[in-house]
Amino acid sequence: QVQLVESGGGLVQAGGSLRISCVASRTITSVFWQKTMGWYRQAPGKERELVATITSSGSGSTHYADSVKGRFTISRDNSRKMIRLQINSAKPEDTAVYYCNSFDEVTKASDWGQGTQVTVSA
């Protein structure tokens, strides 16, 4: 139903900024509208963890992991079927593969992107 494609990953220095994006390329706006979107990440040797989520309600209610709160910002553009994660004050521990996730609030279906690598150098 949905194909999620991440982009924008790369290498940044500690303290720097990076923006990654996720586009739902195989869905329609009306379907994207009902999805809770999120970013997860998986660092080497660690379990995949939630980074941030944004709901479809109103302008979108957000939730952040404590480790990124105040530094990361998640946003969505329903017309473009896109979510973004703005990474500021990057830390080496932010280094991970970042995955885009969707959860359909009606069908309860969940989809994952292939991930984009974010590397933060000390």
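Residues: numbered from 1 along the sequence shown.
- Side-chain atoms of Phe103 and Lys108, non-hydrogen and from C-beta on, do get closer than 4.5 Å to each other.
- Legend: salt bridge (Lys or Arg N to Asp or Glu O under 4.0 Å) pairs involving residues 61-71, not counting sequence neighbours, sorted by first then second residue: Arg71-Asp94.
- Proximity of a side-chain donor or acceptor of Thr55 to a complementary backbone N or O of Ser61 within less than 3.5 Å is detected.
- Considering OG1 of Thr62 and CZ of Phe72, their distance stands at 14.0 Å, rounded to 0.5 Å.
- Across every non-hydrogen atom of Gly115 and Val97, the tightest pair is CA-CG1, 3.8 Å.
- The closest side-chain donor-acceptor pair between Glu105 and Ser56 falls under 3.5 angstrom.
- Ala24 and Phe32 make their closest contact through CB-CD1, 3.8 Å (heavy atoms, listed as atom of the first residue, atom of the second, distance).
- Side chains of Asp77 and Arg84 form no contact here, defined as non-hydrogen atoms less than 4.5 Å apart.
- Counting only heavy atoms from C-beta outward, the side chains of Lys35 and Ile83 never approach each other to under 4.5 Å.
- Closest heavy-atom contact between Ile74 and Tyr64: N-OH, 2.9 Å.
- Here the closest heavy-atom approach between residue Ala96 and residue Gln42 is recorded as CB-O, 3.4 Å.
- Heavy-atom minimum distance, Ala90 versus Val12: CB-CG2, 4.1 Å.
- The distance from atom CG of Asn101 to atom CG of Leu50, rounded to the nearest 0.5 Å, is 8.5 Å.
- Every residue two or more places apart in sequence or in another chain that forms a ring pair (Phe, Tyr, Trp, His ring centres under 6.0 Å) with Tyr40 is listed here: Trp112.
- Atoms CD1 and OG1, on Ile54 and Thr36 in that order, are 9.5 Å from each other to the nearest 0.5 Å.
- Judged by distance alone, the side chain of Thr95 and the main-chain N or O of Val120 form a donor-acceptor pair under 3.5 Å.
- Panel note: side chain Arg80, backbone Val23; no donor-acceptor pair is recorded below 3.5 Å.
- Remark: side-chain polar atoms of Glu6 are not paired, donor with acceptor, to backbone N or O of Cys22 under 3.5 angstrom.
- No chain of hydrophobic side-chain contacts below 4.5 Å, direct or via other Ile, Leu, Val, Met, Phe, Trp or Tyr residues, connects Val68 to Tyr99.
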